[in-house]
Undergrad: 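So that we are looking at the same thing, I have put the structure below in structure tokens.
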Amino acid sequence: MMKNAVSCRDVVVERGDREVLHGVGFDLRAGTVTGLLGPSGCGKTTLIRAIVGLQAKVTGDVVVLDLPAGAPKLRGRIGYVTQEPSVYGDLSVTENLRFFAAVLGVPAEDVDRVIDAVDLHSHADVRVDRLSGGQRSRASLAAALLGSPELLVLDEPTVGLDPVLRRDLWNLFHELADAGATLLVSSHVMDEASRCDRLLLMRDGDLLADDTPQALLDSVGTDDIEQVFLTLIERKAGAR
Ligand SMILES: Nc1ncnc2c1ncn2[C@@H]1O[C@H](COP(=O)(O)OP(=O)(O)OP(=O)(O)O)[C@@H](O)[C@H]1O
């Protein structure tokens, strides 16, 4: 079995005329949930786009499921949920999912499974443009779960969701990882950090840390991941 689902080495990305990732390196171990945390604009989405093969001007190595990022053979093996809902507003949840299942060549029965996974049965026949923001993002997540991809990359999937739903989704993420999937979940909400097996802390296009939540908390002697962030930033500034 593959040890690492994703390996990044010296990843540099330019957007516009600026370098926004400055040489990022890390591995995502298969079957784990990793949180990608950092303030708005630090480069989370850019890194995610490099991993799913959608980002231009990437140098360095990005290896995904033993293939170079963006390789055609990765299609169907990666589920990607962007911050924008990626489902059609004028179709119901079920109609959307049937459409995406057909495009992906996934059996139609999978539609029921993914609706169940995101707890949208009560709204399965409702047009997506009549759903709340949280319901719409769950519909996008359901689409990404079709065909049980080996790597799931989720950009801020829990924004705007109530605490019960957030807890349920994190439970789902761990169930998927227990079944062998690898998940990378971005967030700028620090209180989600403790739900991850590992954390990548990012700031200004660099990785500040790559460790388990507990190891990071212990390294600073706190029980607050926000404090870890602040301390690491101060240490980095002091080391300059
Ligand atoms: N299309 C673009 N052209 C030029 N620069 C861009 C473009 N999109 C983003 N950037 C810049 O790249 C940097 C990283 O942006 P990115 O979207 O990756 O951050 P993020 O951490 O995902 O932020 P957020 O949490 O707000 O989504 C930012 O400084 C942003 O201004």
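Numbers here are sequence positions counted from 1. Just so you know, ligand 1 is whichever comes first in the structure, and atom 1 is the first atom listed for that ligand. As the structure is a computational prediction, the values presented were derived from the model and not from experiment.
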Undergrad: Starting from atom 18 (O) of ligand 1, locate the nearest protein heavy atom and write down its residue, its atom name and how far away it is, to 0.1 Å.
TA: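 Here the nearest protein heavy atom works out to T46 OG1, 2.6 Å.
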
Undergrad: May I ask you to decide whether D197 forms a salt bridge with R29, counting only side-chain N to carboxylate O separations under 4.0 Å?
TA: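 No, no charged N to carboxylate O under 4.0 Å.
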
Undergrad: Establish, from distance only, whether the side-chain atoms of E234 and T231 form a donor-acceptor pair under 3.5 Å.
TA: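 No, no side-chain donor-acceptor contact under 3.5 Å.
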
Undergrad: Pull out every atom of ligand 1 sitting under 4.0 Å from any heavy atom of V20, numbered as shown with elements.
TA: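 Listed by number with element, the hits are 12 (O), 13 (C).
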
Undergrad: For atom 7 (C) of ligand 1, what's the nearest protein heavy atom and its distance?
TA: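 Looking only at protein heavy atoms, the one closest to atom 7 (C) of ligand 1 is R15 NE, 3.5 Å.
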
Undergrad: Does R113 pair with D116 as a salt bridge, N-O distance under 4.0 Å?
TA: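 No, R113 and D116 are not salt-bridged.
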
Undergrad: Which protein non-hydrogen atom lies closest to atom 26 (O) of ligand 1, naming both residue and atom, and how far is it?
TA: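 Looking only at protein heavy atoms, the one closest to atom 26 (O) of ligand 1 is S40 OG, 2.6 Å.
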
Undergrad: Under the side chain to side chain contact (heavy atoms under 4.5 Å, CB included) test, which residues partner Y88, sequence neighbours left out?
TA: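 Side chain to side chain contact (heavy atoms under 4.5 Å, CB included) list for Y88, sorted by chain: D90, L91, N96, F99, F100.
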
Undergrad: Testing T212, D27, D210 for side chain to side chain donor-acceptor pair (under 3.5 Å) with R198, which one passes?
TA: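 The side chain to side chain donor-acceptor pair (under 3.5 Å) with R198 is passed solely by D210 among T212, D27, D210.
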
Undergrad: Return the closest protein heavy atom for atom 23 (O) of ligand 1 as residue, atom name and distance.
TA: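 Sorting protein heavy atoms by distance from atom 23 (O) of ligand 1 puts G41 N, 2.7 Å first.
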
Undergrad: Any atoms of ligand 1 less than 4.0 Å from a non-hydrogen atom of G16? List them with their elements.
TA: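 The atoms of ligand 1 under 4.0 Å from a heavy atom of G16 are 4 (C).
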
Undergrad: By the definition side-chain contact (heavy atoms from CB on, under 4.5 Å), identify the one residue from L184, V153, V185 that meets it with L36.
TA: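 The single option meeting the side-chain contact (heavy atoms from CB on, under 4.5 Å) with L36 is L184.
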
Undergrad: Short list, please: which atoms of ligand 1 are under 4.0 Å from a heavy atom of T45?
TA: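 Here the atoms of ligand 1 in question are 17 (O), 18 (O), 20 (P), 22 (O), 27 (O).
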
Undergrad: Would you mind listing which atoms of ligand 1 come within a distance below 4.0 Å of any non-hydrogen atom of Q83?
TA: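 Atoms satisfying the 4.0 Å criterion: 27 (O).
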
Undergrad: Does G38 come within less than 4.0 angstrom of ligand 1, counting non-hydrogen atoms of the residue?
TA: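 Judged by the 4.0 Å heavy-atom criterion, G38 does not count as contacting ligand 1.
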
Undergrad: In plain terms, say whether E192 and R166 are close enough for a salt bridge, that is, a side-chain N and a carboxylate O under 4.0 Å apart.
TA: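 Answer for the salt bridge query: yes.
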
Undergrad: Ligand 1 versus P39, non-hydrogen atoms closer than 4.0 Å: side chain, backbone, both, neither?
TA: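 Backbone only.
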
Undergrad: Give the ring-plane orientation class for W170 versus H174, where under 30° counts as parallel, over 60° as perpendicular and anything between as tilted.
TA: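 Because their plane-to-plane angle lies in the 30° to 60° range, the rings of W170 and H174 count as tilted.
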
Undergrad: Taking all non-hydrogen atoms of both residues, which atom of P157 and which atom of L169 are closest, and how far apart?
TA: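 P157 and L169 have their closest heavy atoms at O-CD1, 4.3 Å.
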
Undergrad: At a 4.0 Å threshold, what atoms of ligand 1 neighbour a non-hydrogen atom of E156?
TA: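 Result: 25 (O).
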
Undergrad: Is there a heavy atom of M202 sitting under 4.0 angstrom from any atom of ligand 1?
TA: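 Not so, M202 does not reach ligand 1.
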
Undergrad: Regarding ligand 1, does C42 bring an N or O atom to under 3.5 Å of one of the ligand's N or O atoms?
TA: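 There is such a contact, yes.
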
Undergrad: What residue and heavy atom of the protein are closest to atom 25 (O) of ligand 1, and at what distance?
TA: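 Among all protein heavy atoms, the one nearest atom 25 (O) of ligand 1 is K44 NZ, 2.8 Å.
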
Undergrad: I'd like to know if the side chain of R127 and the backbone of S92 have a donor-acceptor N/O pair within less than 3.5 Å.
TA: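 No, the answer is negative, given that no donor and acceptor are paired below the 3.5 Å cut-off.
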
Undergrad: Any atom of ligand 1 sitting under 4.0 Å from a heavy atom of R18?
TA: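 A heavy atom of R18 does come that close to ligand 1.
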
